[in-house]
Amino acid sequence: MDLKSMIREIPDFPKEGIGFKDITTLLQDGKGFKEAIKRMADYCRDKNIDIVVGPEARGFLIGAPLAYELGAGFVPVRKPGKLPGETVEITYELEYGTDSLQIHKDAIKPGQRVLVADDLLATGGTVKATVDLVKELGGEVVAIGFLIELTFLNGREKLEGNEIFSLIEY
Ligand SMILES: O=P(O)(O)OC[C@H]1O[C@H](OP(=O)(O)OP(=O)(O)O)[C@H](O)[C@@H]1O
Ligand SMILES: Nc1ncnc2[nH]cnc12
């Protein structure tokens, strides 16, 4: 199945010069969605993953079904003010300015084996912040998986030292 053909590219969204990779066209195709999650799960079935962690919002769309397929738990990483319990927060650099993400303090136990999953790797900032939150709680980041990787942005450099996989490259 050609998953790449199910991704729609929207030019100049959300701003001029950005070629937006729209995954909604893949998600709305039942066979495509199932195949994408199955292929991501195949990368890590033998890794004894306890928890899949996904950053808001598109990381939920990939991370939650992936956790279900692996028989693992799912932990959301959210934008500030959304999680009701006690949280740990990280602030990270964007192209212009900064952003913050939070995780529940008790969401991961020290030593648990974690897969970090998101829909897309661009500069790597979002997932690097997510990895740092997991490590702060004592989780072991076993692998990082993406549906899509924009290789020309070299996001892997920011994630050096981690095992990384992606299904679709641009
Ligand atoms: O590698 P990076 O440069 O950090 O970019 C990738 C991130 O950007 C997108 O999320 P976005 O911030 O647009 O939020 P959303 O998931 O709520 O749409 C995407 O879903 C990744 O999480
Ligand atoms: N080109 C892109 N398409 C979709 N999501 C993105 N997040 C960051 N860059 C993106």
Side-chain angles (χ1 to χ4, degrees), residues 1-15 17-79 81-84 99 101-104 107-108 112-131 133-134 139-156 158-159 162-170:
M1 201 182 296
D2 181 9
L3 296 178
K4 197 173 192 174
S5 70
M6 295 177 192
I7 308 287
R8 172 168 59 183
E9 287 194 61
I10 310 269
D12 300 320
F13 182 87
K15 52 186 182 187
I18 303 288
F20 192 86
K21 307 297 182 282
D22 179 17
I23 63 164
T24 65
T25 41
L26 184 148
L27 299 177
Q28 74 198 25
D29 182 310
K31 290 196 174 78
F33 188 18
K34 188 167 187 168
E35 178 66 16
I37 297 302
K38 183 193 163 293
R39 284 191 204 170
M40 289 185 78
D42 286 345
Y43 272 94
C44 35
R45 285 191 206 280
D46 60 351
K47 293 190 189 300
N48 293 317
I49 303 296
D50 298 308
I51 302 279
V52 179
V53 174
E56 183 172 348
R58 283 175 265 156
F60 300 171
L61 301 174
I62 300 299
L66 186 51
Y68 187 87
E69 173 76 13
L70 291 170
F74 177 75
V75 168
V77 159
R78 298 211 62 179
K79 290 165 187 171
K82 298 286 186 181
L83 290 170
D99 218 338
L101 287 171
Q102 296 181 332
I103 192 169
H104 271 145
I108 295 167
Q112 277 194 307
R113 295 172 65 78
V114 173
L115 169 69
V116 172
D118 202 356
D119 70 320
L120 183 141
L121 173 61
T123 66
T126 306
V127 156
K128 173 68 166 66
T130 302
V131 164
L133 283 173
V134 170
E140 183 190 344
V141 177
V142 175
I144 307 174
F146 302 92
L147 182 60
I148 299 169
E149 177 174 0
L150 305 183
T151 57
F152 54 91
L153 292 176
N154 301 316
R156 278 183 189 243
K158 210 171 267 171
L159 304 172
N162 294 284
E163 182 175 335
I164 300 165
F165 65 89
S166 62
L167 298 189
I168 300 165
E169 289 186 358
Y170 290 87

| message | Within the structure provided, determine whether M6 and T25 are in side-chain contact (heavy-atom separation under 4.5 Å). | response | no
| request: Drop me the distance from L159's CG to N154's CG, to the nearest 0.5 angstrom. | output: 11.5 Å
| Just how far is it from atom CG of L147 to atom CG of L27, taken to the nearest 0.5 Å? | 8.0 Å
| How far does CD1 of I18 sit from CD1 of I10, to the nearest 0.5 angstrom? | 13.5 Å
| For A36 against L3, the heavy-atom pair lying closest together | CA-CD1, 3.8 Å
| Would a 4.5 Å heavy-atom cut-off, applied to side chains only, mark I62 and F146 as touching? | no
| Candidate pair E163 and V142, rule side-chain contact (heavy atoms from CB on, under 4.5 Å), full reasoning | CA-CA 7 Å; E163 182 175 335; V142 175; 5.8 Å; no
| request: State whether the number of non-hydrogen atoms from other residues, nucleotides or ligands found under 6.0 Å of K21 atom NZ is greater than 12. | output: yes
| query | Between P76 and I103, what is the shortest heavy-atom contact and its length? | reply | O-CG1, 4.2 Å
| request: Please report the shortest heavy-atom distance between A67 and F74, naming the atom on each side. | output: CB-CB, 4.0 Å
| Between atom CG of L150 and atom CG of L121, what is the distance when rounded to the nearest 0.5 Å? | 7.0 Å
| message | Checking the side chain of R113 only, and the main-chain atoms of K47 only, is there a donor and an acceptor separated by less than 3.5 Å? | response | yes
| task | Look at the rings of F13 and F20 and say which category their plane angle falls in: under 30° parallel, 30 to 60° tilted, over 60° perpendicular. | result | perpendicular
| said: Any side-chain to backbone donor/acceptor pair from D22 onto T24? Under 3.5 Å, distance only. | reply: yes
| Can you tell me how far the CZ atom of F33 sits from the CG atom of L26, to the nearest 0.5 Å? | 8.0 Å
| note | Shortest non-hydrogen pair, R156 vs S166, comes out as NH2-OG, 4.1 Å
| query | Mind checking whether L66 and Y43 have side chains closer than 4.5 Å, heavy atoms only? | reply | no
| request: With the side chain counted from C-beta on, respond yes when V53 and I108 share a heavy-atom pair under 4.5 Å apart, and no when they do not. | output: yes
| request: Over all heavy atoms of both residues, which pair between C44 and L115 is shortest? Give the atoms and the distance, please. | output: SG-CD2, 3.7 Å
| field | Student check: side-chain heavy atoms of E169 and E149 closer than 4.5 Å | value | yes
| message | So T123 and K158, do their side chains get closer than 4.5 Å, heavy atoms only? | response | yes
| Do E56 side-chain atoms and K79 backbone N/O form a donor-acceptor pair below 3.5 Å? | yes
| request: Starting at CG of L167, measure out to CG of D119 and round the result to the nearest 0.5 Å. | output: 11.5 Å
| request: Would you mind reporting whether I7 and I23 have side-chain heavy atoms less than 4.5 Å apart? | output: yes
| request: Assess whether atom NZ of K82 is packed by more than 12 heavy atoms of other residues, nucleotides or ligands within 6.0 Å. | output: no
| said: I'd like to check D99 versus L101 (side-chain heavy atoms, cut-off strictly below 4.5 Å). Are they in contact? | reply: no
| Looking only at heavy atoms, which two atoms of T130 and P55 are closest? And how far apart? | OG1-CB, 3.7 Å
| note | salt bridge (charged side-chain N to carboxylate O under 4.0 Å, His left out) test vs E69 passes for just one of R45, R39, K34, namely R45
